[in-house]
Amino acid sequence: MTATSTSESFLNEKHQSVPSPRLIKAQKLLMEFQMTSPFDADDQEESTEEKDLQQQDLSESFWTNGHLLEGTAGSRGSYVTRWKKGVKVAEPLVKYDPISAEKLLFRQPAKWLIRNVQIAVPLGLWVGGVLWDIATQQEEKNRRNRAKQLLNTLTTLGPAIIKGGQALASRPDLMPSEYLEELQKLQDDVPTFSNKLAFATVEEELSLQSFSDVFELIEPEPVAAASLGQVYRAKLLSNGDIVALKIQRPDCEQIIALDLYVLRWWSGVATAIMSLLQRDINVQMIIDDFGEIIYRELDYVAELANAQRFAELYAAVNDVFVPKVYSELTTSKVLTMEWVDGYRLSDPNLETYGLDRKKLVDILIQCSLRQILENGFFHADPHAGNLLARPDGRLCYLDFGMMSYASKAQRNGFLLAVVHIVNRDWSALVRLYQRLGFIPEGTDLKPIEQGLEAALPDVLNADVSELNFKNVIGKLGDIMYTYPFSLPPFYIAIIRCLGVLEGLAIQVDPKARVISAAYPYVASRVLTDPQDDLQEALRRLALSSDGHIRWDRLEGLLEKAKESSGYDVTAAIDQLTDYLLSADGENLLNEVSDEIVNGADSLSSDSLRYVIDAFRALSIKDEVEAVKAFRALQSLLASSSRGVDAVQEELQNDLRKILPEPTVSMAQFWNIASLLGAQGANADPAKYAPLIRKLAQEPRFQRAASEIVARLGERWLSRSLRGIFGLPAPSFENKERQSDIAKSVTV
């Protein structure tokens, strides 16, 4: 039985003349199917008409049975979704409108005056303390204590202020690192409200005569409570499904609107103070951005739409589970979702439940990276309370109220920033930040470059497994606080997501590092993605400043990319060869040709000597060697009873003891073969056939291949003749260098 039958059990009794809910739902789904997907026009310029439609007031829209309709409540409206006209994150029906709220609340001074005192007095004491520290030159010394004072103050001021503090913890451009660390400890610590009020909300929202007509509580009290609502575990009477029923606190929107009004007034004062301190930061705009976020969380139908979109994008990912939602039993204040049994990722007893904590961390990090860097639609708050490890080993995401979206240009910009940090290319990093809007035009960038160079660790020379995202972002945050940075919402959401992610990952596995776990995916994207921005990232990683190939870096990228699921080595080779055959890659093609000639020549001579040495090692020189060979043959013939794998392993161990060590060139060859997928159990030469056909038709590749064959033939002939006459091995380096100089002079 589906969730639709749940609504039929109580809707049909009350509205016998209304068409079947199943028919209504089918009509709505058909109309939704005919609309454009919000991701179809990703990163394309919106038409003037679409922009105008997005700016239209939705006050004439209304909700019925969890669906947004256009028109008035008494007319027959057309069906739309929260994704109307390319919106990337589901929009709430009631949007945050600071101007309207100001007009309304200004006429009610009794409300905001009292709340103003409640907020202003404790925060004023903290501000006064900070100003005194500055005046007495004790600010840096007392910063940690003041941060703790702010944490304690915010904890007592209600849900909106707590959430504001949590948002502030992701703003390194506004607060020093000591404040960020303390504010990250903010937790929703609020009492539950009465069952009577909760059930009354459900009855009003779902038009029920009684809560017990549809739901039966499994546990009499809420299983969880937060600043915006509380959750019950219940059973649907119509089909027996176990659900999580989230109910919003009474008058929650009015309380938050009042707090935002007070905060917005004080933010005007803060903006003026920032101007006096020569910081171009509009604090009022920051409060408005926060207001938009919290109003999205207030609308549970928007959360339902986000959950559905998240399921469409990621439910098919291996080892990821997304609970289903019941749209017929969801309104802006009531959310009904599938109940999921599982364990917290921070549970110290995960192994006793048969779960692999390292695998769970890897699933979490890899899925989050794909959310942020592939689709751009990502869960912005992956803390321990929003994740569960299911008994079957899958990772379950919960709570889709705080979602975010990064456009393709923003995603690529984030990747480029990582590349610039790895290369320690501070000039390029600062110019990128300015292009993304982090730094105002006309700012002197040289001091910022010098500050970055002094503050950030040497990522290039450091072991990736030791890099801590929190430390890197902390040092980067110090620069953003010192200089005139202003971070856009998408970047704040990414920083918050990855910061929370690493904090949780370290709780689960103390050795976990987001940067280390992310590097294989980043390497895979850089090697295989044809987008211009990512190709630029590959060039900056794999090429030196003078245009030569960094072979060790390129080998490292290929090695790491192998660890990423979904990595296609043929796509990486295709991208690399396309660049080599382009006009920009002519010199690199010559460099690659030289490396191939030198490598093949060295490999052939080393291999010949190795074969001779191996033949000598395996030859039977006396009776003892004959006995050893006979026993090895006996083991091989007995493989049917012992197993082929065991015999092969034993033979390989015996051969390793007898055979000489492979040469450096041979080890490099086998490593390259492994990196290119031409060695191992999963090697499939057929997958290279289209690439070989493509390259065979390229004139430049044909010329390069002919030159490589000719040069190798010349070397092998020279080696053979000198070997026959007992002469020393030839040296080709000086000869070919002179030839290259002659070519360049001729050109």
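Just so you know, these numbers use all the heavy atoms, side chains as well, and skip hydrogens, waters and symmetry mates.
For Tyr179, there are no side-chain hydrogen bond (donor to acceptor under 3.5 Å, both in side chains) partners at least two apart in sequence or on another chain. For Trp265, there are no side-chain hydrogen bond (donor to acceptor under 3.5 Å, both in side chains) partners at least two apart in sequence or on another chain. Partners of Val127 by side chain to side chain contact (heavy atoms under 4.5 Å, CB included), not counting sequence neighbours, listed by chain and number: Leu131. Partners of Glu178 according to the salt bridge (charged side-chain N to carboxylate O under 4.0 Å, His left out) rule, which considers only residues two or more places apart in sequence or in another chain, are Arg143. Applying the ring-ring contact (aromatic ring centres under 6.0 Å, His included) test to Tyr295 and every residue at least two apart in sequence or in another chain returns Tyr96. With sequence neighbours left out, the ring-ring contact (aromatic ring centres under 6.0 Å, His included) criterion links Tyr397 to Phe310, His379. Scored by the salt bridge (charged side-chain N to carboxylate O under 4.0 Å, His left out) test, Arg539 finds no partners at all (sequence neighbours excluded). Considering only residues two or more places apart in sequence or on other chains, Asp578 meets the side-chain hydrogen bond (donor to acceptor under 3.5 Å, both in side chains) condition with Lys694. Contacts of Thr570 classified as side-chain hydrogen bond (donor to acceptor under 3.5 Å, both in side chains), with partners at least two apart in sequence or in another chain: Asp568. Residues meeting the salt bridge (charged side-chain N to carboxylate O under 4.0 Å, His left out) test with Arg264, sequence neighbours left out: Glu102, Asp288.
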What verdict does the side-chain contact (heavy atoms from CB on, under 4.5 Å) test give for Val361 and Lys358, after you've listed the backbone C-alpha separation in whole Å, the side-chain angles of each residue and the deciding distance to 0.1 Å?
CA-CA 5 Å; Val361 168; Lys358 290 186 178 180; 5.7 Å; no
Should Tyr314 and Arg309 be marked as a side-chain contact (heavy atoms from CB on, under 4.5 Å) after you check the CA-CA gap, both sets of side-chain angles, and the distance that decides it?
CA-CA 9 Å; Tyr314 309 116; Arg309 173 60 64 186; over 6 Å; no
Give the C-alpha distance, both sets of side-chain angles, the deciding distance and a yes or no for side-chain contact (heavy atoms from CB on, under 4.5 Å) between Val89 and Arg296.
CA-CA 9 Å; Val89 178; Arg296 284 199 187 103; 4.1 Å; yes
Check the pair Lys359, Ile363 against side-chain contact (heavy atoms from CB on, under 4.5 Å), reporting the backbone distance first and the verdict last.
CA-CA 6 Å; Lys359 181 182 178 182; Ile363 295 169; 4.0 Å; yes
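Within 6.0 Å of CD on Gln450 lie more than 12 heavy atoms contributed by other residues, nucleotides or ligands. Counting non-hydrogen atoms of other residues, nucleotides and ligands closer than 6.0 Å to CH2 of Trp266 gives a total of 12 or fewer.
Nearest heavy atoms, Asp381 versus Met402: CB-SD, 3.9 Å. The nearest pair of heavy atoms linking Ala406 to Ile494 is CB-CD1, 4.4 Å. Taking both residues in full, the closest heavy atoms of Arg357 and Leu345 are given as NH1-O, 4.3 Å, listed atom of the first, atom of the second, then distance. Here the closest non-hydrogen pair linking Leu432 and His420 is CD2-CD2, 3.9 Å. Closest heavy-atom contact between Leu157 and Pro122: CD2-CG, 4.0 Å. Nearest heavy-atom pair, Leu527 versus Leu557, reported as atom, atom and distance to 0.1 Å: CD1-O, 3.7 Å.
The distance from the CG atom of Asn142 to the CD1 atom of Ile134 is 11.0 Å, given to the nearest 0.5 Å. Note that CG of Asn412 is 9.5 Å distant from CG of Asp532, once rounded to the nearest 0.5 Å. A distance of 4.5 Å separates CG of Leu151 from OG1 of Thr155, quoted to the nearest 0.5 Å. Between the CG atom of Leu416 and the CG atom of Leu534 there is a distance of 7.0 Å, given to the nearest 0.5 Å. For the atom pair Arg344 CZ and Asn386 CG, the distance stands at 8.0 Å (nearest 0.5 Å). Remark: Asn145 CG to Asp133 CG distance equals 9.0 Å, nearest 0.5 Å.
Distance alone, capped at 3.5 Å, is enough to place a donor-acceptor pair between the Asn306 side chain and the Phe400 backbone. No side-chain donor-acceptor contact under 3.5 Å links Ser524 to the backbone of Pro520. Within the 3.5 Å criterion, the main-chain N or O of Arg146 finds a donor-acceptor partner in the side chain of Trp126.
Side chains of Thr577 and Asp574 form a contact here, defined as non-hydrogen atoms less than 4.5 Å apart. Inter-residue side-chain proximity for Leu150 and Val130 is flagged as unmet; no heavy-atom pair is nearer than 4.5 Å. Side-chain contact check for Glu181 versus Arg144: some heavy-atom pair is nearer than 4.5 Å. Looking at Leu395 and Cys367, their side chains never come closer than 4.5 Å, going by heavy atoms from C-beta outward. Looking at heavy atoms from C-beta onward, Ile479 lies in side-chain contact with Ile448 at the 4.5 angstrom threshold. No side-chain heavy atom of Thr153 sits under 4.5 Å from any side-chain heavy atom of Leu125. Within the 4.5 Å cutoff, side-chain heavy atoms of Leu154 are placed close to those of Leu123. Contact annotation: the side chain of Leu360 never approaches that of Leu387 to less than 4.5 Å [non-hydrogen atoms, C-beta and beyond].
For residues 430-443, every residue pair satisfying the side-chain hydrogen bond (donor to acceptor under 3.5 Å, both in side chains) rule, not counting sequence neighbours, is listed here: Ser427-Arg431, Tyr433-Tyr491. Sorted by first and then second residue, the salt bridge (charged side-chain N to carboxylate O under 4.0 Å, His left out) pairs involving residues 515-526 (not counting sequence neighbours) are Arg525-Asp529.
Glu374 and Tyr521 share a side-chain donor-acceptor pair at under 3.5 Å.
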